[in-house]
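Here is the structure we will look at, set down as structure tokens.
Here is the naming used below: chain letters follow the sequence lines, and residue numbers restart at 1 for every chain.
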Amino acid sequence: MTDPLDAPTDFTFTVSATDGQARTGHIAMPRGTIRTPAFMPVGTAATVKAMYPEQVRDLGADVVLGNTYHLMLRPGPERMARLGGLHRFMRWDGPILTDSGGFQVMSLSALRKIDEEGVTFRSHIDGTAHRMSPERSIEIQGLLGSDIQMQLDECVRLPAERAEIEKAMRLSLRWAERCRVAFGEQPGKAMFGIVQGGDIPDLRVESARALTDLDLKGYAIGGLAVGEPQAVMLAMIETVEPHLPATKPRYLMGVGTPDDLMQSVMRGIDMFDCVMPTRAGRHGLAYTRHGRINLRNARHAEDTRPLDEASACPAARDYSRAYLHHLVRSEEILGMMLLTWNNLAYYQQLMAGMRTAIAAGRLVDFVAETKDGWARAEAAEKG
RNA sequence: GGGGGAAUGUCCCGAGCGGCAAAGGGGGCGGACUGUAAAUCCGCUGCGUAAGCUUCGUAGGUUCGAGUCCUACUUCCCCCA
């Protein structure tokens with residue numbers, strides 16, 4: 001993509017246009033350029049499930065996410081390093097962002113213990129115990145060859161008591177400092193901090209300010225979309241946004257639905273990752289210009305229309321809903337592949353649309369038009 | 001010709017000591033999925049809003065009470081001739 005001779009040697013974020021709180025621009029780094037706002041497909045176990053790497057790239061994804069916890073267990077970071085790193089391993093030469101394992105601190109709660117030093121996980125694969133400190137997390141991400149590394153944090157599922165949220169937020173802050181030291185100076189790469197604080201505004205502000213003082217290359221907002229209503233999530237973004245430096249990328253972790261993405265971009269978010277398009281696709285749900293379409297439903301059994309006749313994605317344009325319905329019902333692998341492909345295509349199309357709209361100063365209109373498209377299709381379906 | 005076994009909820013398979021509207025599956029119908037342990041999870045699936053009503057091949061019988069026990073019949077399967 002980028003001519004090696006012209007490739008930047010460092011990590012730079014450039015905002016080229018703003019529209020309200022929203023911004024568009026790009027992150028330039030040696031492995032490639034990430035156009036923002038960006039959606040990063042999730043490739044937990046060194047694969048964006050049911051997709052070829054080339055497909056992911058062709059859809060317009062500039063960066064994918066890999067997962068420290070999963071790759072640490074299998075194939076293992078040292079082996080990955082011997083094999084030449086994650087990029088080569090999975091045949092993805094663009095930037096890779098790795099999650100630190102922080103999310104698993106929450107999602108594997110039955111299998112872990114947390115203390116000041118770090119986290120003790122029990123492998124979901126074979127039950128063996130694994131220790132991960134902030135330093136080890138950064139070390140593993142380095143062995144994987146990650147371009148954007150995340151600090152180890154503690155993510156709390158909501159609703160939760162203030163005391164628990166506060167404790168996790170403070171611990172995450174201390175871990176952020178340790179991760180920063182462990183990461184050191186790595187031109188061309190970045191380590192992001194993660195704002196915590198649950199649904200409590202003053203804790204969010206405290207977290208954002210303290211992280212800003214660490215002068216990191218990017219800032220994530222974590223611990224959202226973990227059980228709270230969308231309105232609460234959006235309120236937290238609005239709370240945090242003014243306290244994050246405008247010159248650094250802002251990454252909303254683990255979000256979200258197409259509407260979440262639009263609402264969050266309008267509030268100043270530059271990067272997202274989410275399992276939604278891939279997982280929902282594997283489970284028979286398509287995200288389209290015409291809204292959500294559950295291909296398992298009987299009403300598609302003889303519907304010869306494609307998901308979206310105007311899409312550039314073959315999965316959306318060339319296959320009938322009747323066929324997709326059949327594949328999903330038959331649990332055929334191709335059904336998962338096509339729906340994942342469609343969903344990722346739609347997500348990337350949505351991001352591209354927002355980038356263009358921001359540059360043109362008409363993001364609000366774009367969002368309204370998009371939602372109108374969903375509503376019209378829904379009305380037609382009922383009428 | 002002789003002997004043995006089986007028929008279950010109106011899609012299928014299938015459990016079912018005399019108290020059963022009847023376990024489980026599959027299938028079907030719908031829902032969920034947000035830094036991916038999970039190609040996973042959750043509802044509903046005789047009629048009725050309900051009291052209740054009608055179900056276990058058919059017809060009788062025993063019993064307070066029968067899907068369960070007895071008799072006959074029908075159909076299917078297996079073994080021996």
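When the nucleotides B:U36, B:U34, B:G30 are ranked by their closest atom to the side chain of A:N67, B:U36 comes out on top. The side chain of A:Q104 has B:U36 as its nearest neighbour among B:U34, B:U36, B:C33. Taking only side-chain atoms of A:R282, from C-beta outward, the nucleotide of B:G31, B:G35, B:U36 with the closest atom is B:U36. Each of B:G35, B:A37, B:G30 was ranked by its minimum atom distance to the side chain of A:N297; first place goes to B:G30. Set against B:A32, B:G31, B:U36, the side chain of A:D99 has B:U36 as its closest nucleotide. For A:H283, taking side-chain heavy atoms from C-beta onward, the closest of the listed nucleotides B:G35, B:U36, B:C33 is B:C33.
Under 3.5 Å, the side chains of A:R296 and A:N294 contain no donor-acceptor pair of N or O atoms.
With its glycosidic angle within 90° of 0, B:C20 adopts the syn conformation.
Among the protein residues, A:R157 comes within range of no part of the nucleic acid, since none of its heavy atoms lies under 4.0 Å from any strand. Backbone-only engagement by A:L65 is indicated by non-hydrogen atom pairs under 4.0 Å involving sugar-phosphate atoms exclusively. Note on A:D153: a base of the nucleic acid sits closer than 4.0 angstrom, heavy atoms only. Note on A:G335: nothing from the nucleic acid sits closer than 4.0 angstrom, heavy atoms only. Nucleic acid contact class of A:Q230 (heavy atoms, under 4.0 Å, all strands): none.
The nearest whole Å value for the distance from the CZ atom in A:R74 to the P atom in B:U36 is 16 Å.
No hydrogens or angles were tested; on distance alone, nothing pairs the side chain of A:N294 with the base of B:G31 as donor and acceptor under 3.5 Å.
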query: What's the verdict on side-chain hydrogen bond (donor to acceptor under 3.5 Å, both in side chains) for A:Y69 and A:H124, showing C-alpha distance, side-chain angles and the deciding distance?
result: CA-CA 10 Å; A:Y69 166 77; A:H124 68 281; 2.9 Å; yes
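Between A:S107 and B:G35 there is no side-chain N or O to OP1 or OP2 distance below 4.0 Å.
By the stacking rule of 5.5 Å between ring centres and under 30° between planes, A:H70 does not stack on the base of B:U36.
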